[in-house]
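Worksheet: one structure, shown below.
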Amino acid sequence: MKILVTGGCGFIGSNFLNLAFEKNFDSIMNLDSLTYAANQENVKSKNFKNYEFLNIDITNKDFVEKAILSFEPNIIVHFAAESHVDNSISDSQNFINTNIIGTYNLIEVSRKYYESNNVRDFHFIHISTDEVFGDLTEKGYFKEDTPYDPSSPYSASKAASDHLVSSWMRTYKFPATILNCSNNFGPNQHNEKLIPTIITKSFSREDIPVYGNGLNVREWIFVEDYCNAIFEVINQPSKSIFETFCVGSGIELTNIKIVEKICTLINENYNLEFNCLDLITFVKDRKGHDFRYAIDSSKIKNTLNFSINTNFDDALMKTIEWYRQKL
Ligand code: NAD
């Protein structure tokens with residue numbers, strides 16, 4: 001099986017590739033334009049010989065076409081995106097280009113490749129977010145049939161990409177799966193995101209910024225658990241093609257609670273001369289800040305036997321230690 005990944009030098013993509021190198025794929029291609037969020041060094045291909053990296057921008061349809069037609073993949077996992085909500089609020093152009101046009105280029109080129117070559121084993125996996133559903137009050141959960149109601153330019157661009165993929169599934173019988181996942185954490189994430197910010201600011205004894213009153217709620221999944229969900233989708237195409245799955249861990253925390261938890265773990269496990277909790281600083285809230293995200297993952301659990309394999313505190317400690325070593 002030949003697998004093509006987009007955005008493999010980013011956070012989730014690089015974790016996915018590092019696990020994929022240990023699986024039985026015949027060859028792996030990674031298309032990534034190396035934006036500020038990418039780091040090629042996070043991809044550890046080690047002894048895996050048939051790995052090819054192409055510095056390609058998915059907004060260029062000709063480049064995408066050349067890559068797909070030359071590699072002839074059986075599986076495409078599409079991670080590439082502009083992914084930071086704050087950046088989308090200050091300038092949305094790259095989000096429209098990459099998340100919408102880039103996704104269009106990939107599915108249209110893939111569709112023609114799939115149809116004209118009569119490729120029997122082909123599966124396109126679209127990596128999306130729970131943010132396409134907007135936000136929740138204290139009650140309720142996002143599920144596969146929750147209506148789309150995105151709040152930010154980021155989530156609106158991801159919602160648009162989901163609609164493109166699902167319309168290709170319906171109109172062209174394009175063999176795809178859409179995954180809407182909650183917030184991931186783990187090694188290899190850019191420092192701009194919440195958990196890397198908490199850890200790096202703690203060790204460098206700088207203010208840890210918390211939006212608003214810190215009571216916004218997020219559901220956190222360790223990136224390796226999410227990658228395992230993607231491998232389940234790959235391994236069970238007959239149960240997952242033409243389906244959408246919501247993926248989460250069930251671990252919901254307010255932003256202030258996750259900050260306090262990480263600060264406490266750092267206080268307990270490292271010999272710092274100060275208390276990290278004293279660094280917490282409330283800052284002006286994000287515009288249009290979604291209140292709560294929470295996922296009902298029962299469909300993927302029941303259909304693909306997906307389960308969370310990691311202990312939350314162990315995964316947080318692994319993450320903390322990874323960032324500490326990078327300082
Ligand atoms: P990331 O920002 O860390 O990485 C994105 C990668 O895509 C980078 O390597 C970047 O160079 C590449 N890229 C961006 N624009 C490109 C372009 N035009 N052409 C080619 N490559 C390009 O993102 P991430 O956190 O790893 O997220 C991956 C996917 O998962 C995204 O689609 C995101 O919407 C989704 N997602 C992320 C989370 C999360 O918590 N991180 C949660 C749910 C869904």
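The shown structure was predicted, so the numbers you read here are calculated from the model rather than taken from an experiment. One-based numbering, in listed order, for ligands and for the atoms of each. Here, residue 1 is the first one in the sequence, and each next residue gets the next number.
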#### Entry: Atoms in ligand 1 flagged as close to Asp57, the criterion being non-hydrogen separation under 4.0 Å
17 (C), 18 (N), 19 (N)
### Task
Number the atoms of ligand 1 from 1 as they appear, then name those within less than 4.0 Å of a heavy atom of Tyr154, with their elements.
33 (C), 34 (O)
### Message
Please check whether Lys158 reaches ligand 1 - meaning an N/O of the residue sits under 3.5 Å from an N/O of the ligand, judged on distance alone.
### Response
yes
### Under-4.0 Å heavy-atom contact with ligand 1, by part of Ile56 that carries it
backbone
### Query
Evaluating non-hydrogen atoms only, which member of Asn87, Asp32, Asn188 is closest to atom 8 (C) of ligand 1?
Asp32
### Task
Taking only Lys NZ, Arg NE, NH1 and NH2, and the carboxylate oxygens of Asp or Glu, determine whether Arg292 and Glu252 approach each other closer than 4.0 Å.
yes
### Within-cut-off N or O pair, Thr59 and ligand 1, under 3.5 Å
no
### Task
State if Gly102 counts as touching ligand 1 under the rule of any non-hydrogen atom under 4.0 Å.
no
### Ring centre gap for Phe185 and Phe312 strictly below 6.0 Å
yes
### Query
Does the N or O separation between Cys181 and ligand 1 drop below 3.5 Å for any pair?
no
#### Entry: N-O pairing of Arg111 and Glu115 below 4.0 Å
yes
## Note on the structure
Residue, atom and distance of the protein heavy atom nearest atom 19 (N) of ligand 1 read Ile58 N, 3.0 Å
### Query
Among Ser155, Ser33, Ala81, which residue places a heavy atom closest to atom 5 (C) of ligand 1?
Ala81
### Task
Among all protein heavy atoms, pick the one closest to atom 35 (C) of ligand 1 and tell me residue, atom and distance.
Ile127 CG2, 3.9 Å
### Residue, atom name and distance, where the atom is the protein heavy atom closest to atom 39 (C) of ligand 1
Asn184 N, 3.8 Å
### Task
Could you tell me if the ring centre of His190 sits under 6.0 Å from that of Phe11?
no
### Task
Give yes or no for whether the N/O distance cutoff of 3.5 Å, strictly under, is met between Ala38 and ligand 1.
no
### Query
Of all the atoms in ligand 1, which lie at a distance below 4.0 Å from a heavy atom belonging to Ser83?
1 (P), 2 (O), 23 (O)
#### Entry: is_close_aromatic(Tyr270, Phe203), centroid dist under 6.0 Å
yes
### Task
Compute the shortest N/O to N/O distance between Glu82 and ligand 1 and return yes if it is under 3.5 Å, no if not.
no
### Summary
CG (Asp285) and CG (Asn216) are apart, to the nearest 0.5 Å, by 6.0 Å
## Note on the structure
For Ser182, the ligand 1 atoms with a heavy-atom partner under 4.0 Å come out as 42 (C), 43 (C)
### Task
Work out whether the distance between some heavy atom of Gly8 and some atom of ligand 1 is less than 4.0 Å.
no
### Query
Sub-3.5 Å donor-acceptor pair from the side chain of Ser155 to the main-chain atoms of Ser152, do we have one?
yes
### Query
Does Ser14 have a heavy atom less than 4.0 Å from any atom of ligand 1?
no
#### Entry: Top protein contact for atom 15 (N) of ligand 1, by heavy-atom distance
Thr98 CG2, 3.4 Å
### Message
Tell me the nearest of Phe16, Phe63, Phe11, Tyr36 to atom 3 (O) of ligand 1, using heavy-atom distances.
### Response
Phe11
### Message
Need the ligand 1 atom indices (1-based, order shown) with element for anything under 4.0 Å from a heavy-atom of Ala37.
### Response
2 (O)
### Message
Any side-chain to backbone donor/acceptor pair from Glu52 onto Met29? Under 3.5 Å, distance only.
### Response
no
### Message
Less than 4.0 Å is my threshold; does some heavy atom of His190 fall inside it relative to ligand 1?
### Response
no
### Query
Between Lys201 and Asp207, is there a salt bridge with N-O shorter than 4.0 Å?
no
#### Entry: Mode of His84 contact toward ligand 1 - side chain, backbone, both, neither (heavy atoms, under 4.0 Å)
neither
### Task
Return yes or no for this condition: an N or O of Thr129 is under 3.5 Å from an N or O of ligand 1.
no
### Message
Under a 4.0 angstrom heavy-atom cut-off, which atoms of ligand 1 come close to Gly10?
### Response
3 (O), 4 (O), 6 (C), 8 (C), 9 (O)
### Query
Can a non-hydrogen atom of Thr6 be found less than 4.0 Å from any atom of ligand 1?
no
### Task
Can you figure out which of Tyr293, Tyr226, Phe79, Phe95 has its heavy atom closest to atom 29 (C) of ligand 1?
Phe79
### Donor-acceptor contact below 3.5 Å, side chain Asp32 vs main chain Ala38
no
### Query
In a check of side-chain contact (heavy atoms from CB on, under 4.5 Å) between Val233 and each of Val247, Val77, Ile241, Thr177, which one passes?
Thr177
### Query
Which residues satisfy the side-chain hydrogen bond (donor to acceptor under 3.5 Å, both in side chains) test with Tyr172, sequence neighbours excluded?
none
### Task
Look only at interatomic distance and state if Thr35 has a nitrogen or oxygen under 3.5 Å from any nitrogen or oxygen of ligand 1.
yes
#### Entry: Which of the ligand 1 atoms, numbered from 1, are nearer than 4.0 Å to a heavy atom of Asn183
40 (O)
### Message
Heavy-atom pairs closer than 4.0 Å: do any link ligand 1 to the side chain of Leu34, the backbone, both, or neither?
### Response
backbone
### Query
With atoms numbered from 1 as shown, which atoms in ligand 1 lie under 4.0 angstrom from a non-hydrogen atom of Ser128?
43 (C), 44 (C)
### Query
Is NZ or CZ of Lys2 both nearer than 6.0 Å to the six-membered ring centre of Phe71 and within 45° of the ring axis?
yes
#### Entry: Under 3.5 Å donor-acceptor, Ser128 side chain and Asp162 backbone
no
### Query
Is the NZ or CZ atom of Arg218 positioned over Tyr293's six-membered ring, under 6.0 angstrom from the centre and within 45° of the axis?
yes
### Query
Under 6.0 Å from the six-membered ring centre of Phe245 and within 45° of its axis: does the NZ or CZ of Lys299 meet both?
yes
### Message
Ring of Phe231, cation from Lys23 - is the NZ or CZ under 6.0 Å from the centre and inside 45° of the axis?
### Response
yes
### Query
Does the ring center of Tyr113 lie less than 6.0 Å from the ring center of Phe122?
yes
### Summary
Nearest non-hydrogen protein atom to atom 27 (O) of ligand 1, with distance, is Ile12 CD1, 4.0 Å
